[in-house]
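The structure displayed is predicted, hence computed values, not measured ones.
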Amino acid sequence: MHDLLREMALEVSQFFVKAGIALEKLPEEDEWRDCLKVSLMRNHIKEIPSSMPSLKCPMLTTLLLSNNNISTIPEALFEHMLGLKILDISHNLELSRLPSSVSKLEKLTTLLLGNCGFLEEVPSLSNLVGLKKLDLSWTSIEELPQGLNMLTNLKYLSLGGRLSETLDEQLQNLSKLQHLLVNAYPDAETKYKWETIGIWGKLQNLEKLELGYLDNLNMVFGEVGAIVESAPLPAGTFSSLQYISVIECDKIKMLFSVRWLGYLQKLQTIEVTYCWQLEEIIGSESEEGEKVTLPNLESLRLGSLPQLKSIYSGSLICDSIKKIKIFNCKNIESAFWSGFNPLPNLEYLCLFELQSLKCVFDEESLGLSPLVPPTSFFPLKEIEVLDCHQLKKVFSSGWLLRYFQSLETIKVENCPKMEELISSSAHEEKKVTLPQLQSLKLIELPQLKSICSSSSVLICDSIQSLIIYKCEKLKRIPLNFHLLDNAQSSHPPSLKKIRVYPKEWWESLAWDHPNAKDNL
């Protein structure tokens, strides 16, 4: 919005906005007494003097004080702001306690206190029964606020701090909860206790679960066996859960047991990072595993899991998955594909710092044969492979590309042992066709000798960008050039950009047609 339009809108509204203008104290009461919404965020307000009288703002519904340097708030500040619905005091790192007058704000629906690093105490919340969103993340509180279990309308709850208490009693009444974040303070001496799973059957509306820095966590939902045998979880448990994120839980060895999958059929996203002992995502109850399904899973992101050996030891059917990103998992090999059967909707694949990976796609792990014509295709549009130091090839043979006709982008960077992009095989094809390929990037591949076999050409009539850096053992670019009526060659008409380094390497390349380089 243009500055002048914004200023005019504020003039004729009941909004008072003095954000990011380096204020050092609260404006005078007369300036905002009759306002509905007040924003004083991102200023330099350090304290609100205790001598300051209670502000009489009966119409005020929104007060934003985030990202200041507030260290103290007088007890009486909120005494006459009883109409407040949204109160944001987050990102005030020096604030150590809240005034008791917060407990009187019975119309409050949103209370944001996240990233108040020195906040150790929160007054009773038992009167705030209309509260729908509460953020206590990255604080130093040692006890959960009194009355938390009475906030039955709560939909969003973010907990943080140095708590050492069990969460079951506090959460069991919060049946409307949709988004739960539990992040213990990373350097705290005491951590959250996550001992039982009695609460899960009562959080039937939960859509998003995020856990971080929980040293006692061995498995996200605990052992399901005993509960299933003695008291089955209610029908509808996790019937809404779509997103799970786990970060830096040091003792966890599996995300959850295969026995939980029946409750997780709506799951769309799994993200797990920095869990140093994690060995598998889904734990099997037998060596071979069974065939299981996550029919709605669309995104999988796994990173910095040095002990991870497999996604699942059996056959995992994820027909909806569109995006996979796996990075810094040193034990992941090409066999990780065998855990998925198949991937009919995968569009994006990123593999980064997988130090055991030798080939991305090979016919054995994909279960394909050159003698059987393809009846279905992978819709993969983009593949990125970076810093995989044992990688020797991306595709084990040229005929495999029949199954990847939707590819638009291939990027391979800093893989020092890679020798071939597309390896040659006994069933070699003279023409490797990628009709949708628009961008090919090969960067810092010192051992790369070929893009495809010496007897093959790469037909990619949609190619727009060709980038090749520091691939000095590569002697041939097998792009297909159309022959014109005068026997001269013509480069793909879509090609707009070629970026190469070093120039001397470009000059030394061999081309299939004598005037190809001049044409380019």
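Side chains of D387 and N414: a donor-acceptor N/O pair is present below 3.5 angstrom, by distance only. Side-chain atoms of Y243 and E271 include a donor-acceptor pair closer than 3.5 Å. For the residue pair N328 / S304, a side-chain donor-acceptor distance below 3.5 Å is found, with atom types taken as modelled. Side-chain atoms of N296 and K266 form no donor-acceptor pair, as typed in the model, at a separation below 3.5 Å. One side chain, E75 or S100, offers a donor N or O that lies under 3.5 Å from an acceptor on the other.
Here the CG-CG distance, from L113 to D135, works out to 7.5 Å after rounding to the nearest 0.5 Å. Here the CD atom belonging to Q204 is positioned 12.0 Å from the CG atom belonging to L241, to the nearest 0.5 angstrom. In this structure, CD on E47 lies 11.5 Å from CD1 on I73, to the nearest 0.5 angstrom. The distance from the CG atom of L64 to the CD1 atom of I86 is 7.5 Å, given to the nearest 0.5 Å. One finds the CG atom of L63 at 9.0 Å from the CG atom of D88 (value rounded to the nearest 0.5 Å). Within the model, atoms NZ of K323 and CD of E347 stand 11.0 Å from one another, a figure rounded to the nearest 0.5 Å.
The shortest non-hydrogen separation linking Q170 to L148 is OE1-CB, 3.5 Å. Shown here for P123 and P99, the closest heavy-atom pair between the two residues is CG-O, 3.6 Å. Taking both residues in full, the closest heavy atoms of L77 and L55 are given as CD1-CD1, 3.8 Å, listed atom of the first, atom of the second, then distance. When all heavy atoms are compared, the tightest approach of C249 to I252 is O-CG2, 3.0 Å. The two residues H2 and L4 have their closest heavy-atom pair at ND1-N, 3.0 Å. Scanning all heavy atoms of the two residues, the minimum distance from K176 to N153 falls at NZ-OD1, 2.9 Å.
Counting only heavy atoms from C-beta outward, the side chains of K497 and R499 approach each other to under 4.5 Å. The shortest distance between side-chain heavy atoms of V412 and I383 does not fall below 4.5 Å. Side-chain atoms of L136 and P145, non-hydrogen and from C-beta on, do get closer than 4.5 Å to each other. Side-chain contact check for L297 versus L264: every heavy-atom pair is 4.5 Å or farther apart. Here the side chains of I311 and L316 are in contact, with some heavy-atom distance below 4.5 Å. Looking at L131 and V129, their side chains never come closer than 4.5 Å, going by heavy atoms from C-beta outward. Contact annotation: the side chain of N69 never approaches that of N92 to less than 4.5 Å [non-hydrogen atoms, C-beta and beyond]. Looking only at side-chain heavy atoms (C-beta outward), I326 and F352 stay at 4.5 Å or farther from each other.
Formation of a donor-acceptor pair under 3.5 Å by the N43 side chain with backbone atoms of N68 is not found in this model. Formation of a donor-acceptor pair under 3.5 Å by the S356 side chain with backbone atoms of K330 is found in this model. The backbone N or O of P435 sits less than 3.5 Å from a side-chain atom of S462, completing a donor-acceptor pair. Side chain of S320 to backbone of P295: a donor-acceptor contact under 3.5 angstrom is found. With hydrogens and angles disregarded, a donor-acceptor distance shorter than 3.5 Å links the side chain of E29 to the backbone of K56. Counting only distance, with no hydrogens or angles, the side chain of D250 and the backbone of Q277 share no donor-acceptor pair below 3.5 Å. Between the side chain of E210 and the backbone N or O of L180, no donor-acceptor pair lies under 3.5 Å. In this structure, S494 contributes its side chain and I463 its backbone to a donor-acceptor pair below 3.5 Å. A donor-acceptor pair under 3.5 Å is absent between the side-chain atoms of N205 and the main chain of S240, judged by distance alone. Between the side chain of T109 and the backbone N or O of K85, at least one donor-acceptor pair lies under 3.5 Å.
Note on ring orientation: taking the six-membered ring where Trp is involved, the planes of F16 and W32 are parallel (angle under 30°, cut-offs 30° and 60°). Below 30°, between 30° and 60°, or above 60°: for H179 and Y156 the angle between ring planes is above 60°, a perpendicular geometry.
Salt bridge status for D30 with R33: present, with a side-chain N to carboxylate O gap under 4.0 Å. Checked for salt-bridge contact, K104 and E79 meet the test: a charged N lies under 4.0 Å from a carboxylate O.
The neighbour count for Q307 CD, taken as heavy atoms of other residues, nucleotides or ligands under 6.0 Å away, is above 12. Counted within 6.0 Å of CD on E31, heavy atoms from surrounding residues, nucleotides or ligands total more than 12; the atom is thus considered enclosed. Within 6.0 Å of the OH atom in Y274, the count of heavy atoms belonging to other residues, nucleotides or ligands does not exceed 12.
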Passes side chain to side chain contact (heavy atoms under 4.5 Å, CB included), T409 versus Q438? Steps please.
-> CA-CA 6 Å; T409 299; Q438 298 175 19; 5.6 Å; no
Show the numbers, then the answer: is there a side chain to side chain contact (heavy atoms under 4.5 Å, CB included) between T110 and L87?
-> CA-CA 6 Å; T110 298; L87 178 59; over 6 Å; no
Between L209 and V246, does a side chain to side chain contact (heavy atoms under 4.5 Å, CB included) hold up when you go through it step by step?
-> CA-CA 8 Å; L209 176 64; V246 179; over 6 Å; no
Check the pair L60, V38 against side chain to side chain contact (heavy atoms under 4.5 Å, CB included), reporting the backbone distance first and the verdict last.
-> CA-CA 8 Å; L60 192 64; V38 173; 3.4 Å; yes
Dump the intermediate steps for side-chain hydrogen bond (donor to acceptor under 3.5 Å, both in side chains) on Y469 and E413, then the final yes or no.
-> CA-CA 9 Å; Y469 279 14; E413 181 173 348; over 6 Å; no
